[in-house]
Amino acid sequence: MQKLEKIWMNGHLINWDDAKIHVLSHVIHYGSSFFEGIRCYNTKKGSAVLFLNQHLRRLHDSAKIYRTEIPFTQLELREGVLETIRANHLPACYIRPIVFRGEGALGVNPFKSSVETVIAVWEWGSYLGDEAMEKGVDVRVSSWNRIAPNTIPALAKAGGNYLNSGLIKMEAITEGFVEGIALDVHGYVSEGSGENVFVVRDNVIYTAGSAQSILSGITRKAVMEMANELGYEVKETTIAREFLYVADEVFMTGTAAEITPVRSIDRIKIGNGEHEVTRALQERYFDVIHNGNDTKGWLTFVDPVRSEAAPREVAAKH
Ligand code: PPE
């Protein structure tokens, strides 16, 4: 990872190298952290953060599930995110706000440990390989299931959840795949190690529902909205494993993965390889993140002066 200048820690920007914690911090021993992954894009209308409010809301939701009060409001964190991007002078970056239990007392009980809040940014390119977006990725159905309901809450984006994701990912990579799709404990399609999964057949789009142990993806929700606007029927439902193999298209969504086509599952080729529906969705998504054409308030421009100026420039040309 390339070192940058500043990291926001508990309300202040500090030097990258000073953003450290003690080895006896609660989070290291018990996985007690809640985090987000957000992208800032260098759009044609200026640097802009995608779905900033939605991510900060989910961060607060994750903490709430674990009875943790974040000592900063969503508005304060929003400012913190923008300040951290500006301080590191990056036109595009990945943003990682993380809230964790720090020092205080070891032992399972988190209540005795401090709550620390950090915002870091770094440069992060393609998540599933440079050719993934164009050609699609080869994935397998994981031998690991997703976390079971009423064990570790899947709707909370908590550090500990990612032990499960790590098993799915390591197995996939070790066996020559890019990613794994995990089933829920009942054998229905759940999600990838860091992405939601969509299946297309006969122009109907299917995705697992919140009862299938998924993280309720923010990209997932946006894709469902865009699909509806494009006239596709979208169904949140239980999906059988074998339905993946006979799909016309499968694609994965996430902040990091964006909208990535899947070309094979368990070495079975998916559809005709054209990814037509996936392409239509990618096109709309890329128009927002590359061109800055945002009609829904998805983008928060890092530099407000430019974002106000941009629409007038566009308007003047017409
Ligand atoms: N499921 C999981 C398990 C998950 O981690 C992510 C995001 C998603 C679905 C998609 O959610 P959303 O980003 O809101 O559309 N995974 C993040 C972290 C990846 C990592 O390796 O770290 C991400 O995409 O940023």
Side-chain angles (χ1 to χ4, degrees), residues 1 31 33 35-37 39 94 96 122 124-149 151-152 154-201 205-209 212-220 223 238-271 273 275 278 281-282:
M1 173 183 275
S33 67
F35 68 95
E36 279 302 318
R39 273 193 195 266
Y94 187 80
R96 171 59 50 84
W122 63 83
W124 207 354
S126 70
Y127 189 58
L128 297 172
D130 286 338
E131 295 188 330
M133 214 52 85
E134 220 17 68
K135 296 191 171 162
V137 288
D138 300 310
V139 309
R140 62 162 287 166
V141 173
S142 185
S143 72
W144 293 100
N145 286 132
R146 277 289 289 164
I147 45 188
T151 59
I152 291 176
L155 284 190
K157 192 170 169 69
N161 298 20
Y162 286 82
L163 284 172
N164 176 255
S165 290
L167 291 169
I168 295 163
K169 188 78 181 182
M170 287 187 289
E171 179 186 64
I173 291 171
T174 304
E175 298 189 4
F177 298 88
V178 169
E179 183 55 290
I181 294 176
L183 308 178
D184 69 9
V185 285
H186 304 292
Y188 295 113
V189 172
S190 179
E191 62 178 348
S193 75
E195 314 86 2
N196 292 112
V197 174
F198 285 82
V199 184
V200 185
R201 185 169 159 116
I205 303 178
Y206 302 84
T207 194
Q212 270 78 57
S213 300
I214 60 163
L215 178 73
S216 187
I218 290 161
T219 322
R220 170 182 178 274
V223 161
T238 45
I239 300 167
R241 172 182 182 159
E242 62 274 24
F243 193 62
L244 295 171
Y245 304 135
V246 297
D248 296 329
E249 296 177 41
V250 175
F251 60 90
M252 301 181 112
T253 68
T255 301
E258 300 173 324
I259 301 174
T260 301
V262 172
R263 68 176 173 195
S264 77
I265 302 176
D266 294 335
R267 305 283 178 221
I268 297 174
K269 186 183 173 207
I270 304 304
H275 312 292
T278 313
L281 290 162
Q282 278 181 332

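Treat the numbers as computed from the prediction; the structure is a model and nothing was measured.
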*Measure the shortest side-chain to side-chain distance between Tyr245 and Ile265 over non-hydrogen atoms and say whether it is less than 4.5 angstrom.*
yes
*Check step by step if ring-ring contact (aromatic ring centres under 6.0 Å, His included) holds for Phe35 and Tyr162.*
CA-CA 11 Å; Phe35 68 95; Tyr162 286 82; 5.1 Å; yes
*To the nearest 0.5 Å, how far apart are CD1 in Ile152 and CG in Asn164?*
8.0 Å
*Going from CZ on Phe198 to OG1 on Thr219, what distance comes out if it is rounded to the nearest 0.5 angstrom?*
9.0 Å
*asked:* So that I can tick it off, tell me whether Glu179 and Arg140 are bridged by a salt bridge, with the cut-off set at under 4.0 angstrom between side-chain N and carboxylate O.
replied: no
*Which pair of heavy atoms, one from Ala182 and one from Asn145, lies closest together, and at what distance?*
CB-C, 4.4 Å
*With rounding to the nearest 0.5 Å, note down the distance linking CG in Leu163 to CG in Leu167.*
7.0 Å
_Side-chain donor-acceptor pair present, Glu258, Thr253, cut-off under 3.5 Å_ = no
*Look only at the side chain of Glu171 and the backbone of Ser143, and say whether a donor-acceptor pair between them is shorter than 3.5 Å.*
yes
*CA sep, side-chain torsions, deciding dist, call: His275, Phe251, side chain to side chain contact (heavy atoms under 4.5 Å, CB included)*: CA-CA 9 Å; His275 312 292; Phe251 60 90; over 6 Å; no
_Show, in sequence, the C-alpha distance, side-chain angles and deciding distance for Arg263 and Lys135, and conclude whether the side chain to side chain contact (heavy atoms under 4.5 Å, CB included) test is met._
CA-CA 7 Å; Arg263 68 176 173 195; Lys135 296 191 171 162; 3.9 Å; yes
*Heavy-atom pair of closest approach, residues Ile173 and Val178*: CG1-O, 4.5 Å
*Under 3.5 Å donor-acceptor, Thr151 side chain and Ile147 backbone*: no
*Starting at OG of Ser216, measure out to CZ of Arg220 and round the result to the nearest 0.5 Å.*
5.5 Å
*More than 12 foreign heavy atoms under 6.0 Å from CD of Glu131: is that the case here?*
no
*Stepwise side-chain hydrogen bond (donor to acceptor under 3.5 Å, both in side chains) check, Thr260 with Glu195*: CA-CA 9 Å; Thr260 301; Glu195 314 86 2; over 6 Å; no
*If every non-hydrogen atom of Gln212 is compared with every non-hydrogen atom of Ser190, which pair is closest and at what distance?*
O-OG, 2.6 Å
*How close do Ala132 and Val137 get, heavy atom to heavy atom, and via which atoms?*
CB-CG1, 3.5 Å
*For the residue pair Trp124 and Tyr127, categorise the inter-ring angle as parallel (less than 30°), tilted (30 to 60°) or perpendicular (more than 60°).*
perpendicular
*asked:* Donor-acceptor check, side chain of Gln282 to backbone of Ile259, threshold 3.5 angstrom: yes or no?
replied: yes
*Using a cut-off of 6.0 Å, state whether more than 12 heavy atoms not belonging to Tyr188 lie near its atom OH.*
no
*Of all the heavy-atom pairs spanning Leu215 and Arg146, show the shortest one and how long it is.*
N-NH2, 4.4 Å
*Side chains of Tyr94 and Thr255: closer than 4.5 Å at any heavy-atom pair?*
yes
*With side chains defined as the heavy atoms from C-beta onward, is the minimum distance between Val200 and Val250 less than 4.5 Å?*
no
_Sub-4.5 Å side-chain heavy-atom contact between Ile270 and Pro261_ = no
*Mark yes or no for whether Asp184, through its side chain, and Ser213, through its backbone, hold a donor-acceptor pair below 3.5 Å.*
no
*Take Asp138 and Ser264, measure what side-chain hydrogen bond (donor to acceptor under 3.5 Å, both in side chains) needs, and give me the verdict at the end.*
CA-CA 5 Å; Asp138 300 310; Ser264 77; 2.7 Å; yes
*Hey, are Arg241 and Asp266 close enough for a salt bridge, meaning a charged N less than 4.0 Å from a carboxylate O?*
yes
_Side chains of Thr278 and Glu249 only: does a donor on one sit below 3.5 Å from an acceptor on the other?_
yes
*asked:* Is the shortest side-chain heavy-atom distance between Trp144 and Leu183 below 4.5 Å?
replied: no
_Residue pair Ala208 / Ile214: nearest heavy atoms and the distance that separates them_ = O-CD1, 3.8 Å
*Could you tell me whether the side chain of Phe243 reaches within less than 4.5 Å of the side chain of Val189, counting heavy atoms only?*
no
*When rounded to the nearest 0.5 angstrom, what is the spacing between OG1 in Thr207 and CD1 in Ile239?*
5.5 Å
*Go through the steps for Met252 and Asn196 under the test side chain to side chain contact (heavy atoms under 4.5 Å, CB included), then give the verdict.*
CA-CA 5 Å; Met252 301 181 112; Asn196 292 112; over 6 Å; no
